[in-house]
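What's counted below: heavy atoms across the whole structure, side chains too, no hydrogens, waters or symmetry copies. Computed from a prediction, not measured in an experiment: that's the story for all the values here.
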Amino acid sequence: MKKLLNDPNDVVEEMLEGYVKAYPNHVRQLPKNKRSLVTAKVTPENKVGVIIGGGSGHEPAFMGYVGDGMADGVAVGNIFASPPPDPILEATKAVDKGTGVVYVYGNYAGDVMNFGMGAELAELESDIHVESVIATDDVASAPKEESDKRRGIAGEFFITKAAGAAAEKGYDVHEVARIARKANDYVRTMGVGLSPCTLPQTGKPSFQLADSEMEIGLGHHGEPGVEKGILQTADKVTDRLIHDILIDMPLANGDNVAVLINGLGSTTRMELLIVFRRVEQLLSERGITIYRSYIGDYSTSQEMGGCSVTLLKLNEELTEMIDHPADCPMYVQK
């Protein structure tokens, strides 16, 4: 393992210290709980708050998406571990403007439990109404008829985008949650793993793959995928990812989509663009238009090799949310 670290047990705290010092005009750290970050800008009264969060190691998710048009606050956990309820509660209280807060987080046992406890405590201690939206975009992690069991991965970016835009447009807490849930209903992700990441505290890889192997549907934490086999060409891998997405969420001639080609940490922009090239070909052949494209590292797994493809099926309402500008430390859209 080669990483630029000091004490492996201090990586999250030192990362956060560097982050808030690098972007003081965007984020501030709450004094009561340093794992809670909120927007440094003054938000309007009566605006619905949006809180996101999850384990560290996925940067720029999740802390990179606090800012105008996106989230108002984030709770930061240890590497690949859910944040406990305390930073979630502190961030909730800090962003509440009296009209409620929407949580957006992935479908992992620790996140579901801790964000649920955070919501209960916010209601009990501060009378804050919380709506929770759980991302379940990973096609590989459960069959369609059990979609409530699916993991949340890169598609959570689009769900946060929809929630943040709706909140900034002045929608009430129920409408913000409804739009975020619609984004979740209309988004699908499928990924491929090529090589593991190394966890700072252990110095050991998160899973094992031979140099000649790949794994279709591998989870962001190294959870097993649906098929392990010999590494294939970029086009063949992309064909498989798009095939599985379109089987699960059929798209018709004339549909518009937003496409996210997400790198997992060590995959080059060159490779991601080659994958996007094939995605565009496959969708164009079916009469499907790419309305917006996002290519890069949006939700990583340390230095894991591989990528994921996310399609968001657009209608008029979701297009308005996706078009809304955003200004975050690690993501800007004009």
Side-chain angles (χ1 to χ4, degrees), residues 54-55 57-62 64-65 80 106-108 135-142 147 150-161 183-184 186-197 206-207 209 213-229 231-249 251 257-280 282-283 290 292-313 330-331:
H58 299 298
E59 293 74 34
F62 301 90
Y65 301 133
F80 296 172
N107 193 22
Y108 300 91
T136 56
D137 58 298
D138 184 8
V139 172
S141 54
S147 60
R150 287 178 170 173
R151 301 181 291 246
I153 47 177
E156 192 170 334
F157 167 79
F158 284 137
I159 302 167
T160 301
K161 181 82 178 65
N184 184 60
Y186 280 49
V187 71
R188 300 290 191 279
T189 301
M190 190 75 179
V192 59
L194 304 182
S195 61
C197 66
S206 54
F207 59 91
L209 274 179
E213 284 185 320
M214 66 176 188
E215 187 161 356
I216 298 291
L218 189 78
H220 271 199
H221 309 103
E223 299 95 337
V226 295
E227 182 182 317
K228 185 182 291 187
L231 178 63
Q232 297 180 326
T233 65
D235 281 0
K236 288 184 178 180
V237 171
T238 306
D239 290 354
R240 171 62 188 276
L241 302 183
I242 289 294
H243 171 270
D244 285 15
I245 289 173
L246 294 184
I247 288 294
D248 198 86
M249 183 181 69
L251 295 171
V257 296
V259 174
L260 169 60
I261 310 297
N262 174 60
L264 298 180
S266 70
T267 308
T268 65
R269 190 65 62 96
M270 177 188 293
E271 295 163 86
L272 299 180
L273 286 167
I274 291 170
V275 170
F276 175 78
R277 160 192 161 276
R278 184 58 176 168
V279 170
E280 192 281 332
L282 294 170
L283 296 180
I290 297 177
R292 276 190 182 270
S293 56
Y294 301 79
I295 302 163
D297 288 349
Y298 284 78
S299 182
T300 66
S301 294
Q302 292 281 285
E303 75 279 20
M304 188 183 292
C307 72
S308 60
V309 175
T310 301
L311 300 186
L312 173 67
K313 182 179 179 180
M330 297 186 181
Y331 163 63

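- The ring pair (Phe, Tyr, Trp, His ring centres under 6.0 Å) search around Y331 returns F157, not counting sequence neighbours.
- Among residues two or more places apart in sequence or in another chain, the side-chain hydrogen bond (donor to acceptor under 3.5 Å, both in side chains) test is passed with E227 by R240.
- Nearest heavy-atom pair across E223 and Y108 is OE2-CE2, 3.7 Å.
- Note that the OG atom of S141 and the CZ atom of R151 stand 4.5 Å from one another [nearest 0.5 Å].
- Within the 3.5 Å criterion, the main-chain N or O of T136 finds a donor-acceptor partner in the side chain of N184.
- Here the straight-line distance linking atom CG of L241 with atom NZ of K236 works out to 14.5 Å at 0.5 Å rounding.
- Under the 3.5 Å distance criterion, the side-chain polar atoms of S206 are left unmatched by any main-chain donor or acceptor of G222.
- Taking each heavy atom of P60 and M330 in turn, the nearest pair found is CB-SD, 3.3 Å.
- Between H58 and H221, the two ring planes are perpendicular [angle over 60°; tilted spans 30° to 60°].
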CA sep, side-chain torsions, deciding dist, call: I216, M190, side-chain contact (heavy atoms from CB on, under 4.5 Å):
CA-CA 8 Å; I216 298 291; M190 190 75 179; 3.5 Å; yes
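- Remark: the backbone N or O of L311 is not paired with any side-chain donor or acceptor of Y186 at under 3.5 angstrom.
- Evaluated for a side chain to side chain contact (heavy atoms under 4.5 Å, CB included) with V275, the options N262, D235, V237, I261 yield exactly one hit, I261.
- Under the 3.5 Å distance criterion, the side-chain polar atoms of T300 are matched with a main-chain donor or acceptor of E59.
- In terms of modelled atom types and a separation under 3.5 Å, the side chain of D138 and the main chain of I153 share no donor-acceptor contact.
- Counted by atom type alone, D137 and T310 present zero donor-acceptor pairs between their side chains at under 3.5 Å.
- Using a 4.5 Å cut-off on side-chain heavy atoms (C-beta onward), E271 and T268 make contact.
- Between the CG atom of L260 and the OG atom of S308 there is a distance of 6.0 Å, given to the nearest 0.5 Å.
- A183 meets the side chain to side chain contact (heavy atoms under 4.5 Å, CB included) test with I159, A162, L318; sequence neighbours excluded.
- When every heavy atom of F158 is checked against every heavy atom of Y294, the shortest pair comes out as CE2-CE1, 3.6 Å.
- Every residue two or more places apart in sequence or in another chain that forms a side chain to side chain contact (heavy atoms under 4.5 Å, CB included) with I290 is listed here: V257, V259, F276, E280, L283, S293.
- In terms of the salt bridge (charged side-chain N to carboxylate O under 4.0 Å, His left out) criterion, residue partners of D239 (sequence neighbours excluded) are, by chain and number, R278.
- With S266 contributing its side chain and M304 its backbone, the two residues share a donor-acceptor pair below 3.5 Å.
- Taking the six-membered ring where the residue is Trp, the centroids of F80 and H220 are separated by 6.0 Å or more.
- Applying the salt bridge (charged side-chain N to carboxylate O under 4.0 Å, His left out) rule to pairs touching residues 303-312 yields K3-E303, sequence neighbours excluded.
- A distance-only check finds a donor-acceptor pair linking the side chain of T267 to the backbone of G306 [under 3.5 Å].
- E156 contributes no side-chain N or O that, together with a main-chain N or O of A154, makes up a donor-acceptor pair within less than 3.5 Å.
- A salt bridge links R188 to D248: at least one charged side-chain nitrogen sits closer than 4.0 Å to a carboxylate oxygen.
- Closest approach of V309 and I242 over heavy atoms only: CG1-CD1, 3.9 Å.
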Step-by-step side-chain contact (heavy atoms from CB on, under 4.5 Å) determination, L194 to L209:
CA-CA 7 Å; L194 304 182; L209 274 179; 5.6 Å; no
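- In this structure, K313 and L251 have side chains that are in contact, with non-hydrogen atoms separated by less than 4.5 Å.
- Annotation: side chain of Q232 is in contact with side chain of M214 (closest heavy-atom distance under 4.5 Å).
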Check step by step if side-chain contact (heavy atoms from CB on, under 4.5 Å) holds for I295 and R269.
CA-CA 8 Å; I295 302 163; R269 190 65 62 96; 4.0 Å; yes
Stepwise side-chain contact (heavy atoms from CB on, under 4.5 Å) test for I245 and I247:
CA-CA 6 Å; I245 289 173; I247 288 294; over 6 Å; no
